[in-house]
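Every heavy atom of this structure was used, including side-chain atoms; hydrogens, water molecules and symmetry mates were not. Numbering of ligands and ligand atoms starts at 1, following listing order.
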Amino acid sequence: MADLAIHKKHFLSERVAHFTESVIREMTRQAMLHDAINLAQGFPDFPAPAEIKRAAQEAIGADVNQYAITWGAKSLRGAIAQQIETRQGVAVDPEKQVTVCCGSTEAMISTLLAVCNAGDEVVIFEPYYENYGPDSILSGARPRFVKLKPPRDAEGEWTFDERELRAAFHKHTKAIIVNTPNNPTGKVFSRRELELVRDLCVEFDVLAITDEIYEHILYDGSKHISMASLEGMQDRTITVNGMSKTYSVTGWRVGWTIAPPRITDAIRKVHDFLTVGAPAPLQEAGASALRLPSSYYVNLAEGYRRRRDQLVPALTAAGFRCFLPRGAYYVMTDISRFGFPDDLAFTHYLVSEIGVAAVPGSSFYRDPKDGEQQVRFAFCKRDQTLDEAAKRLSKVQAARRS
Ligand SMILES: Cc1ncc(COP(=O)(O)O)c(C=O)c1O
């Protein structure tokens, strides 16, 4: 054992030295340790829809228990192609353009491994969903960050500087990752913003990898626009999506890519050797889920709007400055009023003394300093959970006064 400890360093790849463990998943462990309410990790604490659970049980009962086709069950690929055609007007061949993966997490890393070479750069808006940094590094690419600037007032939008975005594109740029609706900011990219990205992708011959996992979770009349639906983008867009958020089944691990055929071939090769395939019975249930009536999606968004409007006033009353999300199910907050040295000290205090787990803002930035006065809360939780969190959070204000 002693020898192992001494030589451990030599057993590890250099790749893993360039990123740390997930802060979000670590906060979930902290929540369990302190018996705190977990508003850190974005998983619902309420049941998944009964009809899709039944579909999964039926699939297992019908012995759909062996490997599915490596790039995904035909029924699910068909439903995916049909849904994006109906909702976004994008024609997709399920035989040549869809790859079902183990969650959109695997879909993203398989895509990057399929398209990146050493020395390539991947443009990422920050704050960003923490996986994108390690994903780029694992695929040999260098992430290049473009800032999203927080709104000046509670109702404003996160924006980016067009010149900064343009400056991030050059001859080594392979791809840009766009996540809309966005985690952690709740920003929903407008058509104009997506067209700006499109124009740069065309000018510099760059791919757009769009993570649209929150596409159905929208507020205040926001509209989701798929990058692939923009003129000129079908041949250079990889759309990443999955069941986790739309159907409240983050543990099922079913996601997918939609990409041009040649890129799909490459993604399928990576995917096959990484995981062989996503869970077969859950893919069958996925095919049923994607055919739920449109009322399902209306209710989903409305349920999250209600939860947003439950948590945001509670946070505001507790002294947080909230940036109102237009989509997804997180709220980014500014904690500078509390006078803590940084977000790590604050989230530690929050989980251990107040009993609420949240994610330190620095985990969404390359330079931790940029997020040291920000904290993210997830509101994909039951009313009772949010009520109890609000009760506990009200003590933060009291602690500040004392
Ligand atoms: C933007 C974004 N993409 C991907 C994921 C992971 O999705 P999946 O469960 O499909 O792997 C998350 C989960 O929080 C997310 O926020």
Side-chain angles (χ1 to χ4, degrees), residues 21-28 31 38-45 48 52 72 76 80 98-113 122 124-136 138 143 148 158 176-189 208-218 224 226-227 238-258 267 271 274-275 277-279 282-283 285-286 289-290 304 325-332 357-359 361 363-365 376-381:
E21 271 182 63
S22 159
V23 176
I24 298 177
R25 268 83 80 189
E26 167 59 19
M27 287 314 298
T28 288
N38 187 357
L39 301 190
Q41 200 173 358
F43 62 84
D45 68 349
I52 78 163
L76 178 57
I80 291 165
V98 177
T99 309
V100 178
C101 296
C102 295
S104 66
T105 299
E106 195 238 320
M108 179 61 76
I109 184 82
S110 289
T111 299
L112 287 165
L113 287 168
V122 175
I124 300 172
F125 288 103
E126 72 168 348
Y128 59 93
Y129 174 55
E130 61 171 358
N131 283 33
Y132 303 153
D135 283 352
S136 309
L138 285 170
L148 290 174
W158 291 73
I176 179 168
I177 298 178
V178 180
N179 170 218
T180 182
N182 184 260
N183 172 11
T185 65
K187 176 181 175 62
V188 178
F189 282 70
I209 306 173
T210 65
D211 180 341
E212 305 187 7
I213 192 155
Y214 297 103
E215 70 167 314
H216 298 284
I217 304 174
L218 298 161
H224 171 67
S226 279
M227 184 68 95
I238 298 107
T239 308
V240 171
N241 211 325
M243 292 186 68
S244 286
K245 314 292 176 170
T246 305
Y247 305 104
S248 307
V249 287
T250 57
W252 280 19
R253 316 308 304 129
V254 178
W256 53 85
T257 59
I258 301 170
I267 294 171
H271 159 72
L274 276 183
T275 65
L282 305 183
Q283 293 191 50
L290 266 81
Y304 280 123
R326 306 291 181 200
Y329 49 49
Y330 307 96
V331 54
M332 252 321 221
V359 181
S363 63
F364 302 106
Y365 291 89
R376 188 202 77 175
F377 294 86
F379 53 85
C380 44
K381 308 293 168 185

- Query: Near ligand 1, which residues have a heavy atom under 4.0 Å away from one of its atoms?
  - Reply: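 These residues qualify: Gly103, Ser104, Thr105, Tyr129, Tyr132, Asn179, Asn183, Asp211, Ile213, Tyr214, Ser244, Lys245, Arg253, Tyr330.
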- Item | Test: Lys245 cationic atom under 6.0 Å from Phe43 six-membered ring centre, within 45° of axis |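 No, Lys245 does not sit over the ring of Phe43.
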- Message: With no hydrogens and no angle check, just 3.5 Å: does a side-chain donor-acceptor pair link Tyr214 and Tyr304?
- Response: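 Looking only at side-chain atoms, Tyr304 and Tyr214 do not form any donor-acceptor pair under 3.5 Å.
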- Query: Closest heavy-atom contact between His271 and Cys101?
  - Reply: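 Minimum heavy-atom contact is CE1-CA, 3.7 Å.
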- Task: Could you check Phe377, Phe379, Tyr330 and say which one makes a side-chain contact (heavy atoms from CB on, under 4.5 Å) with Leu39?
- Result: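 The residue from Phe377, Phe379, Tyr330 that satisfies side-chain contact (heavy atoms from CB on, under 4.5 Å) with Leu39 turns out to be Phe377.
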- Message: Going by the rule side chain to side chain contact (heavy atoms under 4.5 Å, CB included), which residues pair with Glu126 if we only count those two or more places apart in sequence or in a different chain?
- Response: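 Per chain and number, Glu126 pairs via side chain to side chain contact (heavy atoms under 4.5 Å, CB included) with Tyr128, Phe145, Lys147, Tyr365, Arg366, Asp370.
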- Closest approach of Gly42 and Ala378, non-hydrogen atoms and distance?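 Closest approach of Gly42 to Ala378, heavy atoms only: CA-CB, 4.3 Å.
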